[in-house]
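Worksheet: the structure to be examined is printed underneath.
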Amino acid sequence: MTQNCIHWFRKGLRLHDNPALVAALRECKQLYPIYILDPWYPNNTKMGINRWRFLLGALKDLDCSLRKLNSRLFVVRGKPSEVLPKLFQKWKITRLTFEVDTEPYSLQRDKEVQKLAEEHGVEVIPKISHSLYNLERIIDENNGKAPLTYVRFQTVLKSIGPPKRPVPAPTQENMEGVSTPCTEQEGSKYSIPTLEEVGQDPQLAHTEVFPGGEQEALRRLDKYMDKPAWVCGFEKPQTSPNALSPSTTVLSPYLTIGCLSPRLFWWRIHDVYQGKRHSQPPVSLHGQLLWREFYYAAALDTPNFNKMEGNPVCTQVDWDSNPEHLAAWREARTGFPFVDAIMTQLRQEGWIHHLARHMVACFLTRGDLWTSWEEGQKVFEELLLDADWALNAGNWMWLSASAFFHQYFRVYSPIAFGKKTDKRGEYIKKYLPLLKKFPEQYIYEPWKAPRSVQEQAGCIVGKDYPRPIVEHEVISKKNIQRMKAAYAKRSPQTDKSPTKEKGAKHKGGSIKDMLTKKKKTST
Ligand code: FAD
């Protein structure tokens with residue numbers, strides 16, 4: 001029987017390693033590739049201009065690739081549960097395919113869509129390709145609980161084996177006999193939105209450093225994979241948070257919305273490793289992809305993963321609420337040049353190095369400002385091109401020592417930390433040009449410069465650049481004591497890796513509902 005198919009792109013904005021798109025093409029007569037601009041998707045309301053530009057760029061690139069296959073992308077506006085049934089009828093759809101997405105909103109949305117599809121006689125084929133593994137399998141293999149330590153996680157993966165190989169992108173041959181009918185009217189109705197349409201003012205955009213799209217993702221991947229010594233020697237802690245050009249791959253934005261498949265990334269690294277000595281997880285490049293998987297599994301299995309309250313793995317802390325401190329942190333005016341330079345890079349370019357995230361996250365939470373990690377998470381959600389529901393929450397809990405990491409007495413110094421890799425403060429001078437004439441010895445602490453030096457530098461602290469909003473040496477010691485008190489009240493169960501209990505299988509079921517046993521083996 002020939003099929004009229006909708007392939008619904010959500011994340012997974014690519015043609016390579018897209019098993020759900022491949023499934024759509026089987027016995028397909030008419031293919032309708034769609035993206036739904038869903039005003040209810042929680043992310044959409046929180047996205048800043050750089051994120052929107054990145055997403056729209058990725059959609060344009062996808063449309064362009066589909067057109068080379070004599071198809072196109074339809075960008076549909078509205079709530080999926082409302083627009084999809086109309087499209088089922090209009091296009092006489094018999095099959096709906098999409099990539100599994102394990103965020104709570106997406107799971108609920110897909111459950112509703114699944115039901116509506118059944119009512120319309122539409123077969124639904126979900127496939128796993130946003131993560132390296134089927135996350136439920138990881139949870140099941142760990143006796144029904146997500147592994148909460150990296151070591152435990154690696155042990156579980158040993159029993160599962162390596163991730164599946166990526167599937168090739170569809171070719172002209174695969175598209176033989178497949179058409180994408182589209183009237184002129186539909187062509188404009190379903191066009192790719194502009195920044196204005198999504199409520200953003202293009203005048204406010206900074207120069208684009210990381211353009212969205214699968215082609216750019218693959219170009220970037222090639223660039224790094226062409227450096228075998230770099231790939232084999234990669235050790236995350238040895239990379240620099242304040243390098244003037246990124247010291248890690250910056251593939252995260254492309255992975256987040258699926259312009260790049262994690263499985264392709266994994267196997268390309270694997271191929272580079274062949275026959276060579278190379279670094280190992282957790283610090284290697286494979287190790288980085290496993291961190292991603294680790295947090296995805298934990299997020300799937302933990303209620304309220306992006307909140308402190310009602311989150312069983314999160315230490316309960318009596319964070320302060322100080323809107324002025326929060327605004328100073330967000331707007332890069334803490335008076336600590338290293339922190340402010342990082343927040344400026346984030347605002348302008350939409351990406352900062354992992355250890356730079358450590359610095360500003362520690363400063364906002366347990367280090368200095370004693371502000372809830374949820375507030376930092378919101379700011380990152382708006383500004384990071386790679387903002388990801390699970391990874392953002394998981395890493396914020398780590399940095400605030402709320403979960404996964406417990407050495408709360410190890411605090412990053414906003415003065416000493418940056419100096420380790422950039423003694424002369426070149427990074428600060430790049431992002432805070434106001435300070436560029438300060439001599440090296442004061443660039444991390446301009447308030448210590450004598451008045452004459454400040455005058456010579458053309459920047460008076462307290463007038464042109466803020467004084468530090470806290471006294472780091474004093475406040476960080478006090479905060480360690482507050483954290484100690486929070487830890488003393490912790491339930492012994494918090495953050496414990498599960499013990500082996502026979503028969504304690506994962507109770508989730510939402511994805512299982514979607515993936516029948518037969519389909520599960522084929523994903
Ligand atoms: P590389 O070092 O080149 O690593 C390759 C890939 O591995 C990354 O692209 C990413 O997908 C994955 N990865 C690396 N480190 C981590 C990690 N610690 N946790 C999970 N995955 C990792 N990463 C996001 O993708 N989205 C977020 O919203 C996010 N929020 C964060 C918030 C805080 C407070 C912190 C401390 C870290 C956060 N990270 C987040 C993790 C990490 O900083 C970024 O993934 C990494 O810096 C991206 O740069 P890269 O692609 O050059 O990484």
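All ligand and atom numbering here is 1-based and tracks the order in the structure. All values reported here derive from a predicted model rather than from experimental measurement.
Within the structure, the closest approach of Phe234 to ligand 1 falls below 4.0 Å when heavy atoms are considered. For the pair Trp351 and ligand 1, a heavy-atom separation below 4.0 Å is found.
Proximity to Val250 (heavy-atom distance under 4.0 Å) selects the following atoms of ligand 1: 50 (P), 51 (O), 52 (O). Near Thr249, meaning under 4.0 Å from one of its heavy atoms, ligand 1 places the atoms 1 (P), 3 (O), 50 (P), 51 (O), 52 (O). Within the listing of ligand 1, atoms 36 (C) sit less than 4.0 angstrom from a heavy atom of Leu399. Distances below 4.0 Å separate heavy atoms of His358 from the following atoms of ligand 1: 36 (C). Those atoms of ligand 1 that come under 4.0 Å of a heavy atom in Lys236, given as number and element, are 2 (O), 14 (C), 15 (N). Proximity to Tyr295 (heavy-atom distance under 4.0 Å) selects the following atoms of ligand 1: 19 (N), 20 (C). Close approach of ligand 1 to Leu255 is summarised as follows: ligand atoms under 4.0 Å from at least one heavy atom of the residue are 9 (O), 11 (O). Less than 4.0 angstrom separates some heavy atom of Ala387 from each of these atoms of ligand 1: 28 (O).
The aromatic rings of His472 and Phe336 sit perpendicular, their planes meeting at an angle over 60°, well past the 30° parallel limit. Taking the six-membered ring for Trp and thresholds of 30 and 60 degrees, Phe153 and Tyr150 have ring planes inclined between 30 and 60 degrees apart. Between Trp396 and Phe380, the angle of the ring planes goes over 60°, which puts this pair in the perpendicular group of the 30/60° scheme.
Heavy atoms of Phe294 found under 4.0 angstrom from ligand 1: none, in either backbone or side chain.
Ion pairing between Arg482 and Asp320 holds under the 4.0 Å rule for side-chain N and carboxylate O. The pair Glu103-Lys11 counts as a salt bridge, with a side-chain nitrogen and a carboxylate oxygen less than 4.0 angstrom apart.
What sits closest to atom 12 (C) of ligand 1 on the protein, heavy atoms only, is Gln288 O, 3.4 Å. What sits closest to atom 28 (O) of ligand 1 on the protein, heavy atoms only, is Asp388 N, 3.0 Å. Here the protein heavy atom with the shortest distance to atom 42 (C) of ligand 1 is His354 ND1, 3.2 Å. Residue, atom and distance of the protein heavy atom nearest to atom 33 (C) of ligand 1 are Asn395 CB, 3.4 Å. Remark: minimum distance from atom 16 (C) of ligand 1 to any protein heavy atom is reached at Trp291 CB, 4.1 Å. Of the protein's non-hydrogen atoms, the one nearest atom 30 (N) of ligand 1 is Asn392 OD1, 3.3 Å. Ranking the protein heavy atoms by distance from atom 25 (O) of ligand 1 puts Leu391 CD1, 3.4 Å first. Nearest protein heavy-atom neighbour of atom 45 (O) of ligand 1: Ser252 CB, 4.1 Å.
Considering backbone and side-chain atoms together, Leu251 places an N or O closer than 3.5 Å to an N or O of ligand 1.
Using modelled atom types and a 3.5 Å distance limit, the side chains of Tyr254 and Glu214 yield no donor-acceptor pair. Remark: the Asp388 side chain and the Tyr295 side chain contain no N/O donor-acceptor pair separated by less than 3.5 Å. Judged purely by distance below 3.5 Å, without hydrogens or angles, the side chains of Glu349 and Tyr431 pair a donor atom with an acceptor atom. Using a 3.5 Å distance cut-off with no hydrogens or angles, the side chains of Arg357 and Asn395 do not pair a donor with an acceptor. With no hydrogens or angles considered, a side-chain donor-acceptor pair links Thr421 and Asn242 at under 3.5 Å. Residues Gln316 and Lys489 bring no donor and acceptor atom of their side chains to less than 3.5 Å of each other.
Cation-pi check for Arg10 over Phe98 is met; the charged atom lies under 6.0 angstrom from the ring centroid and within 45 degrees of its normal. In this structure, Arg490 forms a cation-pi arrangement with Tyr487, its terminal cationic atom sitting closer than 6.0 Å to the ring centre and no more than 45° off the ring axis.
Compare Glu293, Arg357, Arg220 by their heavy atoms: the one nearest to atom 39 (N) of ligand 1 is in Arg357.
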